[in-house]
Amino acid sequence: MPDNPLVVEPLERVGQYGGTLHSALLGPADSAYIWCIAEYENLLSWTSRYTGTAGTKELTPNVAESFEANPDGTEFTFQLRRGMMWSDGEPFTAADVVFGVQDVLLNEELFPVTPRILTSGEGRASIAKIDDYAFRITFPSPAGLFLQYLATWDGHTIHYFPRHYLEQFHKKYNPDIQRLVTREKAADWVELFGQICGPGAHFGENPDLPSLGAWHLSKSFAGGQRVVLQRNPYYWKTDPDGSQLPYIDEVIFDVVNTPEVMLLRSLNGDLNLEVGPDTRFTSPANKPVVAGSREKGNYRFINAVETRMNVMIIYLNFTVKDQVKREIFRNRDFRIGLSHAINRRDIIDAVMQRQGEPYQVAPIPQSPFYNKEFATQFLDYDVDKANEHLDRAFPQKDGEGRRLGPDGKPITFTIEYVAEFRPEWSDMLGIIKGQWRTVGVTLELRNIERSLYYERTDANLHEATVWHGDGGLDVLLSTGNYFPSGAGANLGPLWGTWYETGGAQGEEPPPPVRRQMELYDQLKSSGDADEQTRLMTEIMDIGREEFYLIGVVRESDKYFIASNAIHNIPDTMIQGWYYPTPGPTRPEQYFVTG
């Protein structure tokens, strides 16, 4: 234990040791769920009272014992907990953080694009060790969102590279690195390093990689049908009585093929927890059967307050390789026409168990950036209005009523989606396909596996896709649905890459998008909350006017399930990626009875 362990106040009462937290995963692509439950141990964390608003008032020290920022937001100093250890018993010190930042994240071979958490308007951050338990990160210009990023997914990368273990796999520290590369049959040392400590290795693939989490990986995906994590004997938190956490002995994730299998196991009581940033089987359609099996499965509902704004967003790829489709997709009247051609009320009634409301890709009412016009524009189902806009864009039709594009051929494109991720998408898209056919647009649907989805969208190989809508509440941090703010932006990956690489790669976007990027650079370089609000409002105004994406249905609050034998779990949780559910509720203080 460190000299000053973090004391966690239990939600209900001091717990008892023992038991298993038992959940499930839909394969390696679902592995971030492991981090959310077992390893949300960032330098700073959100408190369980987090509301999604910007500012440091919602942050609390975690791995860092304390922190401070200089007045202009360019220097951030952190004090670590003296005597803290990795899960293998080796000391955790400032040297680990310096190694992770300086030799990993800022290494251009490992990270050709510097992670956004380490950039500000004028360049990359630097790090300096003050002593064994203190370090300072300095930016060339104000980094207005840095502290907030530290509590999100981005923040775990800063300090999760144990130097004593990883130096052997790093070219700078191992002159015989090629021998390891050859032995492990990797292409080069960069590939080897990624295998050893990339995201997959951290979350479910490398049991040898030390961690700071409450539970440490003991059986990986390679072990078969289960991923198993055991109590970390060097965990650095206690309850108020001084008893070392976590209470629960182990965390087990069954690896299953479909959400339906996950649902069946939960109904039978085989799984005792389903909470997370993504909905896997706890959909509105499944709620009646889940409710009806509560006594049999010995579980209860937990209310999930949704931070996302949309169940399904339609992304037409503005940087698609097909130049004709580019011209079609970039036509604003075409997008408005498609939106008016969707009968969202039919979709809500038929697919969503009458839950939800028609909604565009815009902040939700609880957000300070809510704009009713943005949220409700072009929502009404009106075939005449749809045809009016589509006729402005592409008025010609063939003898079968199919609308013709600029090349004189019928407008046809394919939407790729992941049915296993959100099963309702199949039915929603099936309805939309029929509705768009009535206005002369032919839609093809392609259900693909989740990892392939990421591979294709990252490589700009898709014509169109759907996903759900981050950024409903966490607007300042989650901007990808308002402009292409990163390489993974489905609406235009090449534009996002151009922005992320400072113009070195990708494709330069048109003036409105560039203006949004300029404004966001200014926002990130400001530590003034009012100025950040002003800049983000202007970004949103441009997005409203341009109407890049088509929304369908606003996300309604959902539900999680937890066994009646698990305690210290709140009755209400926030569901969202930038608030990595359930991590901020301190799973280390959950305990099991019976």
Side-chain angles (χ1 to χ4, degrees), residues 8-12 21 23 30 32-42 44-60 62 145 147-156 273-284 287 300-311 355-357 359 361-370 375 421-422 467-481 553-562 566-590:
V8 176
E9 189 69 36
L11 181 64
E12 302 168 10
L21 191 156
S23 191
D30 212 14
Y33 188 50
I34 299 173
W35 173 70
C36 293
I37 286 183
E39 298 194 59
Y40 176 60
E41 302 296 357
N42 292 10
L44 310 181
S45 70
W46 298 120
T47 69
S48 59
R49 297 176 298 282
Y50 173 59
T51 62
T53 57
T56 59
K57 66 181 182 298
E58 306 292 349
L59 297 170
T60 186
N62 192 51
L145 299 178
L147 293 178
Q148 290 95 307
Y149 278 139
L150 282 179
T152 70
W153 168 266
D154 299 76
H156 89 277
L273 187 68
E274 167 58 17
V275 296
D278 295 320
T279 298
R280 284 102 65 82
F281 68 81
T282 52
S283 63
K287 192 167 187 178
R300 65 191 186 276
F301 281 139
I302 294 174
N303 184 44
V305 178
E306 182 58 68
T307 64
R308 297 186 176 99
M309 97 289 279
N310 219 286
V311 173
Q355 297 183 39
E357 61 177 305
Y359 211 78
V361 184
I364 59 179
Q366 295 90 331
S367 167
F369 297 100
Y370 173 70
F421 186 65
R422 295 290 294 259
W467 203 252
H468 55 194
D470 286 314
L473 193 60
D474 298 298
V475 175
L476 290 180
L477 299 178
S478 185
T479 56
N481 285 321
V553 180
R554 180 184 164 189
E555 288 272 23
S556 56
D557 286 351
K558 298 193 177 63
Y559 61 96
F560 301 135
I561 63 172
I566 298 183
H567 305 276
N568 284 346
I569 297 181
D571 294 331
T572 298
M573 291 188 194
I574 296 169
Q575 177 172 0
W577 182 241
Y578 278 83
Y579 180 88
T581 314
T585 68
R586 308 286 197 193
E588 62 270 14
Q589 52 95 43
Y590 298 174

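Along the sequence shown, residues are numbered consecutively beginning with 1. The figures that follow rest on heavy atoms only: side chains count, while hydrogens, waters and symmetry mates do not.
Judged by distance alone, with hydrogens and angles left aside, the side-chain atoms of Asn481 form a donor-acceptor pair with the main-chain N or O of Asp470 at under 3.5 Å. Side-chain atoms of Tyr33 come within 3.5 Å of backbone atoms of Val275 as a donor-acceptor pair (strictly under, hydrogens ignored). Remark: the backbone N or O of Gly469 is not paired with any side-chain donor or acceptor of Glu555 at under 3.5 angstrom. Using a distance-only test at 3.5 Å, with no hydrogens or angles considered, no donor-acceptor pair links the side chain of Thr152 to the main chain of Tyr578. Tyr559 places a side-chain N or O within donor-acceptor distance of the main-chain N or O of Lys287, the cut-off being under 3.5 Å. No donor-acceptor pair under 3.5 Å is formed between the side chain of Gln366 and the backbone N or O of Leu473. Looking at Asp571, its side chain never comes within 3.5 Å of a backbone N or O of Ile302 through a donor-acceptor pair.
Checking Val305, Thr581, Asn303 one by one against Met573, the side chain to side chain contact (heavy atoms under 4.5 Å, CB included) holds for a single residue, Thr581. Screening Pro570, Pro10, Ser45 for a side chain to side chain contact (heavy atoms under 4.5 Å, CB included) with Arg586, the sole residue that qualifies is Ser45.
Contact of the Tyr40 side chain with the Asn62 side chain is not registered, since no non-hydrogen atoms from C-beta on lie closer than 4.5 Å. For the pair Trp46/Pro580, a side-chain contact is recorded, criterion being any heavy-atom separation below 4.5 Å from C-beta on. Phe560 has its side chain out of reach of Phe301: every pair of non-hydrogen atoms, C-beta onward, lies at least 4.5 Å apart. Ser23 is listed as a side-chain neighbour of Glu274, based on a closest heavy-atom distance under 4.5 Å. Put simply, the side chain of Thr282 does not reach to within 4.5 Å of the side chain of Gln575, judged on heavy atoms. The shortest side-chain heavy-atom distance between Pro584 and Thr47 does not fall under the 4.5 Å cut-off. Considering only heavy atoms from C-beta on, Val8 comes within 4.5 Å of Glu588 through its side chain.
For the residue pair Thr307 and Ile364, the shortest heavy atom distance occurs at O-CD1, 4.2 Å. The minimum heavy-atom distance between Gly472 and Ser367, with the atom names listed, is O-CB, 3.5 Å. Across all their heavy atoms, Ala32 and Trp153 have their closest contact at CB-CZ3, 4.1 Å.
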> Going through the checks in order, is the ring pair (Phe, Tyr, Trp, His ring centres under 6.0 Å) test met by Trp467 and Phe421?
Replying inline: CA-CA 9 Å; Trp467 203 252; Phe421 186 65; 4.5 Å; yes
>> I'd like to know whether Thr585 forms a side chain to side chain contact (heavy atoms under 4.5 Å, CB included) with Tyr590, so could you lay out the CA-CA distance, the side-chain angles of the two residues, the decisive distance to 0.1 Å, and finally the verdict.
In response: CA-CA 9 Å; Thr585 68; Tyr590 298 174; 2.6 Å; yes
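The CG atom of Asn310 sits 10.5 Å away from atom CZ of Arg554, with the distance rounded to the nearest 0.5 Å. Rounding to the nearest 0.5 angstrom, the gap separating the CD atom in Glu41 from the CD atom in Glu39 is 8.5 Å. For the atom pair NZ (Lys558) and CD (Gln355), the distance works out to 9.5 Å, reported to the nearest 0.5 Å. Taken to the nearest 0.5 Å, the CD atom of Gln589 stands 8.5 Å off from the CD1 atom of Ile569. To the nearest 0.5 Å, the span separating CD1 on Ile566 from CG on Leu21 amounts to 5.0 Å. Taken to the nearest 0.5 Å, the CD1 atom of Ile37 stands 5.0 Å off from the CG atom of Leu273.
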